Q: 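Right, I'll just put the structure down here and ask away after.
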There are 2 protein chains.
Amino acid sequence: MSNKNVFLKKYFLMTRSEENYLKTIFHLGGGDAKSITTNAIAEQMETKPSSVTDMAKKLSEKGLVDYVRYQGVSLTDVGVKTALSIIRKHRLWEVFLVKKLDFTWDEVHEVAEQLEHIKSEKLIDKLDELLEFPKHDPHGDPIPTKDGKFQERDEKLLSEMPINSQGVCVGVKDSSVPFLKFLDKNKIALGNTIKVLDKEDFDNSLRIQMDGKEMRISHQIAANLYVKKND
Amino acid sequence: MSNKNVFLKKYFLMTRSEENYLKTIFHLGGGDAKSITTNAIAEQMETKPSSVTDMAKKLSEKGLVDYVRYQGVSLTDVGVKTALSIIRKHRLWEVFLVKKLDFTWDEVHEVAEQLEHIKSEKLIDKLDELLEFPKHDPHGDPIPTKDGKFQERDEKLLSEMPINSQGVCVGVKDSSVPFLKFLDKNKIALGNTIKVLDKEDFDNSLRIQMDGKEMRISHQIAANLYVKKND
DNA sequence: ATCTATTTTTAGATTTGTCTAAATTTAATT
DNA sequence: AATTAAATTTAGACAAATCTAAAAATAGAT
């Protein structure tokens, strides 16, 4: 192997496992220099803290995280960029699965978890183009641009909307299969306009109007729906 | 882990490495009960014979190959079916890359080598549908059906065509990047009609007519182009 | 039929990513 | 400040997939 390839191997080629750790650390908030504990990572990834420690050392040596023993890890700038590129791939593949292959939004995650590790810059650029540069994935999560920029949305949780305000449903906070299936069953979909009619003090449930119909939803549901407020 | 999953793990979940071995054995001809030597597999996969021996034992335990020490391996029926499903995935992804993402035929192999290992039956069925059930990949190789059937074509090598016969170019035997680039440069593409005008005894080169133009091609080129003969 | 060259396998080591159990450090409480 | 509970790391082990070097089996040639 040439010197050049040794360089590439050490600094750019990432294993699937390394990529999964970076993604998890990012999602746990370790991008803002916040330090994430090994325990938190282990719990999220359903692995053991000792395994996380090992990987933390490895990622630290590669310059992808800052790691201080007993203090946890945070992503470096390179680490954030790398995490964003994996998240970009994951979300673009999710859009592909829904738009081109008729997957439902509760089916895409598992397959995208595999597809996100495919290595080909051209593949992802062309996929982006085929999908006409989508800004959000099927759950409403923003798709980072090629150079790692997010467009943050002016959105809030439905549970935080004042009475009589209304907005468009733009995303879900919880994208677990049961929650998504629940939304389907109740005909709650992204794009729907929702108006908050009333709040019940007792259990924080909401009475809402959606597509002309009235319904009652629990606080737990409302706290997992993002709404873009119509001013 | 439940008993059911133990069963699934042992008999159906294949590692990437196992899948690559099965594919190689199939391509070396080990599907017709022919026994393939460990050396041949090692050479093809650029690995060591001792590694092949280890994997042969593993695949044999899983019932995917028949393995006799010092005699080589051949695929069982299950092994053939599994190999075909991987080849099916590889070739469908190649078609996708060319038809939907504008890849050239010399760029697809490397990416398809990764994509072929994605596990999702629905994904591949839907991809097949999106591509309108293609029968051949961009190099003219047949795509096995879902139930593992090939449609063999009535094709022969251009080098074996008699003088004055003509046919349509339907595939390449060698699908290496240099050969494909050479064909592009010389405007030789699948679908072109080729007529054999003359053969040179000295070096076995051919004088051909293609799209009205005459050209001379070496034996090595002609021996790597499949032609469907017009009767 | 024996010998020899080649092929193939075995044995033991390595790397990656994981685990368990024990040891260490930190943080909370008195 | 000392003690203790919780979090974290270390040490040692394991499985998968590979390698090298040595041993064993096969096949070809005399």
Side-chain angles (χ1 to χ4, degrees), chain A residues 1 5-6 8-25 28-30 34-62 64-74 82 86 113-114 116-117 119, chain B residues 1 5-6 8-25 28-30 34-62 64-74 86 113-114 117 119:
Chain A
M1 195 190 286
N5 282 340
V6 168
L8 284 174
K9 174 155 189 183
K10 181 155 184 192
Y11 294 101
F12 293 110
L13 286 186
M14 313 221 26
T15 66
R16 181 172 295 234
S17 185
E18 289 169 348
E19 290 188 345
N20 284 333
Y21 273 96
L22 284 191
K23 212 177 37 154
T24 301
I25 296 165
L28 289 173
K34 239 186 292 177
S35 227
I36 307 298
T37 65
T38 46
N39 245 17
I41 297 166
E43 194 170 322
Q44 181 71 28
M45 298 184 75
E46 298 184 69
T47 182
K48 303 294 165 186
S50 56
S51 306
V52 178
T53 300
D54 288 344
M55 185 56 84
K57 288 177 187 164
K58 195 175 168 194
L59 293 174
S60 173
E61 269 180 26
K62 288 193 172 195
L64 294 160
V65 304
D66 290 320
Y67 168 57
V68 181
R69 267 158 82 252
Y70 295 101
Q71 299 301 128
V73 297
S74 58
T82 308
I86 301 159
E113 286 283 308
Q114 299 179 62
E116 72 189 4
H117 300 292
K119 266 119 190 134
Chain B
M1 197 189 286
N5 283 338
V6 168
L8 285 173
K9 174 156 188 183
K10 180 154 186 191
Y11 294 102
F12 294 111
L13 286 187
M14 314 222 23
T15 65
R16 182 171 295 232
S17 185
E18 287 169 348
E19 291 189 345
N20 284 332
Y21 274 96
L22 283 191
K23 214 178 34 157
T24 301
I25 296 165
L28 289 173
K34 238 186 293 179
S35 228
I36 307 298
T37 65
T38 46
N39 245 16
I41 297 166
E43 193 171 321
Q44 180 71 27
M45 297 185 74
E46 299 185 71
T47 182
K48 303 293 165 186
S50 55
S51 305
V52 178
T53 299
D54 289 344
M55 185 56 83
K57 288 176 186 165
K58 194 175 169 193
L59 293 174
S60 172
E61 269 181 24
K62 288 194 171 192
L64 295 160
V65 304
D66 290 320
Y67 168 56
V68 182
R69 269 158 79 254
Y70 295 101
Q71 298 303 127
V73 297
S74 59
I86 302 159
E113 286 283 309
Q114 299 180 60
H117 301 292
K119 267 126 189 123

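The sequence lines fix the lettering, A, B, ..., with proteins before strands; numbering per chain opens at 1. Small disclaimer: the values here were computed from a predicted structure and weren't measured.
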Q: Atom CE of A/M45 to atom P of C/dT18: distance rounded to whole Å?
A: 7 Å
Q: Does some side-chain heavy atom of B/K62 sit less than 4.5 Å from a side-chain heavy atom of B/E18?
A: yes
Q: Round to a whole Å and report the spacing from CD of B/E18 to P of D/dA16.
A: 9 Å
Q: For every nucleotide of nucleotides 3-12 of chain D, 5' to 3': is a protein heavy atom under 4.0 Å from its base (B), only from its sugar-phosphate (S), or from neither (-)?
A: ----SBBB--
Q: For the atom pair CD1 (A/I86) and CZ (A/R16), what is the distance rounded to the nearest 0.5 Å?
A: 11.5 Å
Q: What is the distance from atom CE of B/M45 to atom OG1 of B/T24, rounded to the nearest 0.5 Å?
A: 4.0 Å
Q: From CD of A/E61 over to P of C/dT16, roughly how many Å is that when rounded to an integer?
A: 11 Å
Q: Can you tell me the distance, in whole Å, between the CE atom of B/M14 and the C1' atom of D/dA16?
A: 14 Å
Q: Nearest whole angstrom, please: distance from the P of C/dT16 to the CG of A/L13.
A: 13 Å
Q: Provide, to the nearest angstrom, the distance between the CE atom belonging to B/M55 and the P atom belonging to C/dT10.
A: 16 Å
Q: Looking at residues at least two apart in the chain, or sitting in another chain, which of them share a salt bridge (Lys or Arg N to Asp or Glu O under 4.0 Å) with A/K48?
A: none
Q: Please round to the nearest 0.5 Å and tell me the distance separating atom CG of A/L59 and atom CD of A/E61.
A: 10.0 Å
Q: Are any of the side-chain heavy atoms of B/N20 and B/H117 separated by less than 4.5 Å?
A: yes
